[in-house]
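Structure first, then comments.
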Protein chains: 2
Amino acid sequence: MSLGGLLGEETGAALQQVRTEPIQQRSAARLSGLLDAAAAVVDEVGFDRITTAMIAERAGASIGTVYRYYPDRVAVLHALHERAVVRFRQRVVDELGASTLTSWWDAVDCVVTAFVGLYRSEPGFRIVNFDDRDGAPIADAVADADFFARRLAEVLVNEFDLPAGDELIFRLEVAVEMADALLARAFHTDPVGDERFIAECRLVLRNYLDGFYSPHALSLLATAS
Amino acid sequence: MSLGGLLGEETGAALQQVRTEPIQQRSAARLSGLLDAAAAVVDEVGFDRITTAMIAERAGASIGTVYRYYPDRVAVLHALHERAVVRFRQRVVDELGASTLTSWWDAVDCVVTAFVGLYRSEPGFRIVNFDDRDGAPIADAVADADFFARRLAEVLVNEFDLPAGDELIFRLEVAVEMADALLARAFHTDPVGDERFIAECRLVLRNYLDGFYSPHALSLLATAS
DNA sequence: TGGTCACCGAGTGGAATTCAATCATCCTGG
DNA sequence: CCAGGATGATTGAATTCCACTCGGTGACCA
């Protein structure tokens, strides 16, 4: 799903979805202008009601210009998604730098804070929940989540000495899915985000990841069946 | 209230999305036939590649017939979603009846089992993850989750003496969102469902709902900054 | 001044949706 | 019991909407 893709260097590959690399300067402006327009339209009509004509008109361009840069409609959405993910990663880095981290869960909290902040301020940010249900090998949501989990695992291992391993990565994958669902729920109706769900999300993450090492989960397992 | 209460009484209202209530008998057959066709197509091409022509052809009907019963394409998907939800609730009731419940978490486990079972056997069941991102007030996914949470809360309160209240309902809403996300993840690639995620889902639910009454969450809260 | 780069927007094709005509079933008076 | 009108149900060609193409035009550069 959509917290997908923290950190990482494959931003070059992510732009493979543009048809023509911009050569002249105005092209770059066009590109980001198109994405800005798309973001605005996403906020207005949602990202499945969006039409190429809307994007073009909003960007002050013509239909053809959209297709000069993107092979098709969903490529625009993918690009917008990518940009949102990149900005999310940057925000996470900023949050991490601006906070004094006393424990690993402060890092996790920063991730949630970054996500919520962008949801509130970045136009069209709900595109992060965009999930292309077809065989597009690039920018797969699950792959994103998996990648994100691995990166976050590295951070936690290196900064806070959590034990590395597949178990941690799996746990983080699960955590990402849960957080994604709860935060999407928080913003489903409320444009500012339902604080109750946001707070519960933080608590759930902490509880879940902490339980990994506490005997709590194990005692439950022992009484199972 | 009995376990049968999970079924709810708004099944009549759920059909408001059809244009014309069927009067003659063949109409009812048509309606379910259309949904069966839609379910089959959903499994073949996914629910965003689906076309009205595919549904009509599969059902042995003409295009016009589809539009006689449903105002537009997504209304068909909504109806299919509704039917899936209804069958899910029925399955939950069946599971609950067929199991000997020694504790509330057996009930929760039954819910997971029912969901997984339908994912595996019911054609087009992945429609339950269909989320229309626009202002369709009826058949809203969040409303569904909320409704289900309330019903489940009633069952748990009456059968297992859990303390009723908004807190329990909220907890169940959160649990539903998490379970939904994890199970969707389990079936995202694997048509049989990734057992690792399914098992983790059960564990997470139990841990989370149990933590509600255990001092574990509270101790975490106490150490929060 | 020739060669790209960018841009435009009418045109094409396919899918969604409409609607007037037709068929099927029900109902009622004789 | 049956004709035949009334109403439900079905049809598919026509229309509309929208993604996407492409030949033509201007903008930059060398």
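Each chain gets a letter, A, B and so on, in the order its sequence line appears, and its residues count up from 1.
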State which of C:dT17, C:dG9, D:dT10 makes the closest approach to the side chain of B:Asp72. C:dT17
Output the rounded distance in Å from OH (B:Tyr70) to C1' (D:dA9). 15 Å
Interatomic distance where CD1 belongs to B:Ile63 and P belongs to D:dA14 [whole Å]: 15 Å
Return the value, rounded to whole Å, for the distance between atom CD1 of A:Ile55 and atom P of D:dC18. 13 Å
Full working for ring-ring contact (aromatic ring centres under 6.0 Å, His included) between A:Phe170 and B:Phe197: CA-CA 9 Å; A:Phe170 175 70; B:Phe197 280 95; 5.0 Å; yes
Verdict with reasoning, B:Tyr70 to B:His78, per ring-ring contact (aromatic ring centres under 6.0 Å, His included): CA-CA 10 Å; B:Tyr70 299 101; B:His78 272 140; over 10 Å; no
Assert yes or no for the condition that the ring centre distance of B:Phe125 to B:Phe187 is strictly below 6.0 Å. no
Out of D:dA19, C:dT17, D:dT11, which has the shortest distance to the side chain of B:Ala61? D:dT11
A:Arg68 side chain, from C-beta outward: closest of C:dT18, C:dA6, C:dG9: C:dA6
Can you name the residues that form a side chain to side chain contact (heavy atoms under 4.5 Å, CB included) with A:Arg150, not counting sequence neighbours? A:Asp146, A:Ile169
Looking only at side-chain N and O atoms, does A:Tyr67 come under 4.0 Å of OP1 or OP2 in D:dT21? no
Using a cut-off of less than 4.0 Å, is there contact between a side-chain N or O of B:Arg30 and OP1 or OP2 of D:dT11? yes
OP1 or OP2 of D:dT10 less than 4.0 angstrom from a side-chain nitrogen or oxygen of B:Ser62, does that happen here? no
From CD of B:Glu57 over to P of C:dA15, roughly how many Å is that when rounded to an integer? 12 Å
Separation of B:Arg73 atom CZ from D:dC18 atom P, in whole Å? 13 Å
Lys/Arg-Asp/Glu bridge criterion (N-O < 4.0 Å) met for B:Arg171, A:Glu200: yes
Out of D:dT11, C:dA16, C:dT18, which has the shortest distance to the side chain of B:Thr65? D:dT11
OP1, OP2 of D:dT10 versus side-chain N and O of B:Tyr69: anything below 4.0 Å? yes
Interatomic distance, B:Arg49 CZ vs C:dA16 C1' [rounded to whole Å]: 16 Å
How is A:Ile50 classified with respect to the nucleic acid when contacts are heavy atoms under 4.0 Å: base, sugar-phosphate, or nothing? sugar-phosphate
Under 4.0 Å, heavy atoms only, any strand: does B:Thr51 hit a base, just the sugar-phosphate, or nothing? sugar-phosphate
